[in-house]
Amino acid sequence: MIDQVQLQQVDECLWEIPKSARADMRVPAYVYALEELLEDLRKDRTLDQLMNVATLPGIQKAAIVMPDGHEGYGFPIGGVAATDVSRGVISPGGIGYDINCGVRLLTSSTRYADVKGKIGELVHELSRMIPKGVGRGGRLVLSTGQMEEVLAGGAEWAVANGYGLNEDLDHIESRGRLEHADPARVSDHAVKRGHDQLGTIGAGNHFVEVDRVEEIYDDETAEAFGLFQGQLVILIHTGSRGLGHQVATDYLKTFLNAMPSYGLHIPDRELACAPFSSEDGQNYFKAMAAAANYAWCNREVISWEVRQSWEYIMKEAGENLRLLYDVAHNIAKIETHRISGKNHRLVVHRKGATRAFGPGSPEIPDDFSKTGQPVLIPGSMGTHSYVLAGTKESMENSFGSTCHGAGRRMSRTAAKKMVDAPTLKRELLANDIAVEAGSYAGLAEEAPVAYKDIDLVVETVHRARLARKVAKLRPVGVIKG
DNA sequence: ATGTCC
């Protein structure tokens, strides 16, 4: 066992690893966590990886990990790293294999109590409508030309082709389309993998969940978000499927080969990177943006499937499901942030971290300009999820970022050994949570015991003011891959 | 996360 990393407490929820902790660190590392969460963060390579991130050329201010952080490929999951656009690098490991994995929330005008008896049917219908599982395709099969439109247009493609509402676009981060996307930078192989996966959730922690609003923490913001006590809402969590995975795989290989020519020295080859302004860096950024657009289109098409199911079971228009917001949590974006009183153009890498822009930010829609943007934090299966709002403090301290979920504390393998899936399913049902799972193995991997305590994670970011609590959601039905 | 090893 290596020596324990020294953490200096800055605040109740903030710990610092000073730049002096390692000769190669260019900036300090910040860990956001209530003390109870530190033990989990020390159990794996999270803090080592965070210090590795602090060595990246062009990194600004600090390498940051959120309270849901855990070990990932190169970078910790739950990590935020901002590099200078002209002097810094871009690293696929800082974004993750599932490019633009993210979450959206649809709100209804229906109370759970009024339709309790229909939840089982609704969950069954959702399960029938929404393809799930590794490698699964869906009902949409796109030509190469249509794929180019999706990669360039993102969620707009779904709306233009009858799979979404125009009003949805106002409530998607970046309106569901990154303009830097270039379909020509996505390999034929990646395009092929994606051609039949729009409208599918995949596997792992991806899901479609029916929830009810259990608790409101801030009446005014909840009202602005269209949330009320007892309301039925639908939470969708998925990403760019095989296409994004292939983009990550392709460019990691390219970067590993190209690294020597850039003269970049990094402590771990999983931090493979290229100067953002280099041809390789730009090609990856344009391909990543295209994969991000695919993911936004995917969540839009899934919303269409949800609305179809809703119409069929609830006998009311699918349009009654309104999109509250859609957030990315695995992405790199060009953003301007103030550091020591000066504006900087940065490549903000968020890997298992959510944008949490505060009130007045020009990048969030007008209807949230007073409250800050909606932030959606799914908990582990069968526990609960949160709706938060972005803050000015997150803009000042974490490049406008917060946590993204409960965060795994046990490996998939360990969870499968420990958990008996049929028992778990019965327990969920006993708690009035209907589950339709693609496989028992997948269900076991996602057992709540394999995750951190979502309440502690959210309490950390709330107390640290990286986002503030608006509402708590309780699941009543879940579809998993 | 991922046609969980071309």
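First the proteins, then the strands, lettered A, B, ... as listed; each starts at 1. Computation of the quantities below employed the complete heavy-atom set of this structure, encompassing side-chain atoms and omitting hydrogens, waters and symmetry-equivalent molecules. Just so it is clear, the model here is predicted, and its values are computed rather than measured.
Take H70(A) and apply the ring pair (Phe, Tyr, Trp, His ring centres under 6.0 Å) test, not counting sequence neighbours, and it matches no residue.
Taking atom CG on N330(A) and atom P on dT2(B), their separation rounds to 11 Å, with Å as the unit. Atom-to-atom, CZ of R241(A) to P of dT4(B) comes out at 12 Å; the value is rounded to the nearest Å. Going from atom OH of Y97(A) over to atom P of dT2(B) covers 13 Å, rounded to whole Å. One atom, CG of N298(A), and another, P of dT2(B), lie 10 Å apart when rounded to the nearest Å. The distance between atom NZ of K192(A) and atom P of dC6(B), rounded to the nearest whole Å, is 14 Å. Per the geometry, NE2 belonging to H206(A) stands 14 Å off C1' belonging to dT4(B), to the nearest Å. Between the C1' atom of dC5(B) and the NE2 atom of H245(A) lies a distance of 12 Å, rounded to the nearest Å. Straight-line distance from the CG atom of D250(A) to the P atom of dC6(B): 13 Å, rounded to whole Å.
Salt-bridge formation is detected for the pair E335(A)/R350(A): a Lys NZ or Arg NE/NH1/NH2 atom is positioned less than 4.0 Å from an Asp or Glu carboxylate oxygen. Taking the charged nitrogens against the carboxylate oxygens, E446(A) and R408(A) do have a contact shorter than 4.0 Å, which makes a salt bridge.
Screening residues 269-290 of chain A for ring pair (Phe, Tyr, Trp, His ring centres under 6.0 Å) gives H180(A)-F285(A), Y251(A)-Y284(A), F255(A)-Y284(A), F276(A)-F285(A) as the qualifying pairs, with residues at least two apart or on separate chains.
Residue contacts shown for A248(A) are absent, as no nucleic acid heavy atom lies under 4.0 Å away. Residue R136(A) is classed as having no contact, given no heavy-atom separation below 4.0 Å to the nucleic acid. Note on H237(A): nothing from the nucleic acid sits closer than 4.0 angstrom, heavy atoms only. Residue contacts shown for Q197(A) are limited to sugar-phosphate atoms, with no base heavy atom under 4.0 Å away.
Only one option out of V435(A), V419(A), D420(A) pairs with L443(A) in a side-chain contact (heavy atoms from CB on, under 4.5 Å); it is V435(A).
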**Study point:** Dot-bracket pairing map - DNA chain B, Watson-Crick plus G-U, both contacts under 3.5 Å, | cross-strand
**Key:** ......
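One finds no side-chain N or O of R412(A) lying less than 4.0 angstrom from the OP1 or OP2 phosphate oxygen of dT4(B).
Atom-to-atom distance recorded for L105(A):CG and H171(A):NE2 is 12.0 Å, nearest 0.5 angstrom.
T46(A) and D44(A) share a side-chain donor-acceptor pair at under 3.5 Å.
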